[in-house]
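Data block below; observations after.
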Amino acid sequence: MIKLILLSMRPKQWTKNLVVFAGIIFAMKLTEPIFFLRTVMAFFLFCLVSGSLYLINDIVDKKQDQQHPKKRLRPIASNQLSVSAAGFTASIILVFACTWAFLLSTIFGLCLLFYLFMMLTYSFFLKHIVILDILVIALGFVLRAYAGVVVHPGLTASKWLLMCAFFLALFLIISKRRHELILLDDKANEHRQVLLEYSPGFLDQMVAIVTSMTVFSYALYTISRETIEKFHTHSLILTFPFVLFGILRYLYLVYKRGQGGEPEIILLQDKPLLINILFWLILVIIIIYNPTPFDQFLHLGTD
């Protein structure tokens, strides 16, 4: 049963919770042990809460998941794991996680509690409302990023960080909706009723808009006065090509390879994309913590 519960909590998707580390990376606190430890605990708590929400979501969507070619194999949909066992486990984990969250920080606890409330509302109601269904999930990413900041007393969240997290999440979610719609075809409404309100053309337009917003919001972030004054460097713009490549590579995988249904798997299994993300992260950390060589390079280029 433990194995089935863990499988239903979908640990592969916990990579989404890594966004909580963005706060200490861009606050230049990554190398400070106390900040790193508190962020690790925040990540762990979000993994517990998101895993419990997957259990609850699978209970609510049991009949719909049984119509999906892949999701019908999940423990709850396939009747390997009982609804009562899954519900009891989710309740215990949520009580434990929320209690620990408030012990870490009251603001962080409230943030986690709001995330839980929002996602429960999504599971039972909001996921049936067109457009709002994808906006709520994107806001979940923003809350993770925000929580990664407020878990540390004294740190404040950058509006640019939250904006970039929101648009990137929207980009991934809309791509996933498109993949579901095309994969299920005429059975789409049996799996997710709201898919009837979407069409490939409509989703393609949304992808185009959100892709532009994602790229431009990051570009503006790297050259904003707030960013330059905070990090004392103009060099963060050098990380932009990696972001652009990552977005274009993901579009290639969605439109040419027919992927996009499982973003967390793509990010871990597509080698060009994974290498690109690692190089971007390394470059960001180097520039933030030691910007002088890059500033000298940019200065020479403008003489």
Side-chain angles (χ1 to χ4, degrees), residues 6 9-54 93 97 100-101 104-105 108 111-112 114-116 118-119 137-152 155 157-158 160-173 175-176 214 217-218 221 236 239 242-243 245-247 249-250 253 260-289:
L6 185 60
M9 292 178 71
R10 305 209 261 290
K12 289 182 179 180
Q13 300 210 25
W14 293 354
T15 52
K16 298 174 183 176
N17 299 318
L18 289 171
V19 72
V20 300
F21 282 90
I24 60 170
I25 290 175
F26 289 97
M28 297 183 288
K29 302 291 185 181
L30 184 62
T31 57
E32 298 187 25
I34 185 63
F35 284 89
F36 185 78
L37 180 60
R38 291 178 73 89
T39 304
V40 169
M41 287 190 285
F43 169 76
F44 178 67
L45 290 176
F46 264 99
C47 288
L48 290 179
V49 170
S50 59
S52 299
L53 286 168
Y54 284 129
I93 292 175
W100 189 357
L104 273 178
S105 162
F108 175 74
C111 188
L112 190 68
F114 182 72
Y115 171 80
L116 173 61
M118 185 177 70
M119 298 314 295
I137 300 178
L139 285 174
F141 279 84
V142 175
L143 277 175
R144 289 180 179 99
Y146 181 72
V149 174
V150 299
V151 73
H152 307 287
L155 289 190
S158 165
W160 287 106
L161 172 66
L162 301 181
M163 186 182 298
C164 290
F166 178 70
F167 285 123
L168 179 59
L170 268 182
F171 171 73
L172 297 174
I173 295 160
S175 298
K176 183 175 182 178
T214 304
S217 63
Y218 185 80
Y221 164 67
L236 210 56
T239 66
F242 293 94
V243 172
F245 174 83
I247 295 295
R249 175 69 186 182
Y250 198 87
L253 294 173
E262 297 177 308
E264 65 285 350
I265 302 299
I266 294 176
L267 295 176
L268 292 175
Q269 292 187 351
D270 185 68
K271 289 183 179 180
L273 191 56
L274 181 59
I275 292 171
N276 179 72
I277 293 172
L278 290 176
F279 274 109
W280 169 81
L281 182 60
I282 292 170
L283 186 58
V284 165
I285 293 173
I286 292 174
I287 289 175
I288 288 176
Y289 287 88

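One-based numbering along the sequence shown. These values consider heavy atoms only, across backbone and side chains, with no hydrogens, waters or symmetry-generated copies.
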Check this for me: F46, atom CZ, are more than 12 non-hydrogen atoms of other residues, nucleotides or ligands nearer than 6.0 Å? yes

Does F279 CZ have over 12 foreign heavy atoms under 6.0 Å away? no

Rounded to the nearest 0.5 Å, how far apart are CD of E32 and CD1 of I24? 9.5 Å

Give the minimum heavy-atom separation between L162 and A145, together with the two atoms involved. CD2-CB, 4.1 Å

Rounded at 0.5 Å granularity, tell me how far CZ in F245 sits from CG in L273. 7.5 Å

Between L6 and P11 the two heavy atoms that sit nearest each other are O-CD, 3.1 Å

Under 4.5 Å between any side-chain heavy atoms of F166 and L170, yes or no? yes

Within a strict 4.5 Å, meaning less than it, do heavy atoms of the V40 and F21 side chains meet? yes

Side chain to side chain contact (heavy atoms under 4.5 Å, CB included) with P272: which of D270, L274, I275, N276? D270

Check: T214 side chain, F167 main-chain N or O, donor-acceptor pair, under 3.5 Å: yes

So CG of L283 and CG of L278: to nearest 0.5 Å the spacing works out to 12.5 Å

What are the two closest heavy atoms between A165 and F141, and how far apart are they? O-CB, 4.3 Å

Backbone N/O of M9 and side chain of W14: donor-acceptor pair under 3.5 Å: yes

Between H152 and T39, do the side chains contain an N or O donor and an N or O acceptor separated by less than 3.5 Å? yes

For residues Y289 and K29, report the shortest heavy-atom separation together with the two atoms involved. OH-N, 3.2 Å

Under 3.5 Å, is there a donor-acceptor pair linking the side chains of Y218 and T239? yes

Can you label the angle between the Y221 ring and the F26 ring as parallel, tilted or perpendicular, going by 30° and 60°? perpendicular

Least distance between heavy atoms, A22 atom then L161 atom: CB-CD1, 3.7 Å

Using a 4.5 Å cut-off on heavy atoms from C-beta on, say whether the side chain of F108 contacts that of L45. yes

Between atom CG of L30 and atom CE of M28, what is the distance when rounded to the nearest 0.5 Å? 12.0 Å

Please find the pair of heavy atoms, one from S50 and one from R144, that lie closest to each other, and give the distance. CB-NH2, 4.5 Å

Let me confirm one number: the CG-CZ distance from L155 to R38, rounded to the nearest 0.5 Å. 10.0 Å

Distance from L53 atom CG to L48 atom CG, nearest 0.5 Å? 11.0 Å

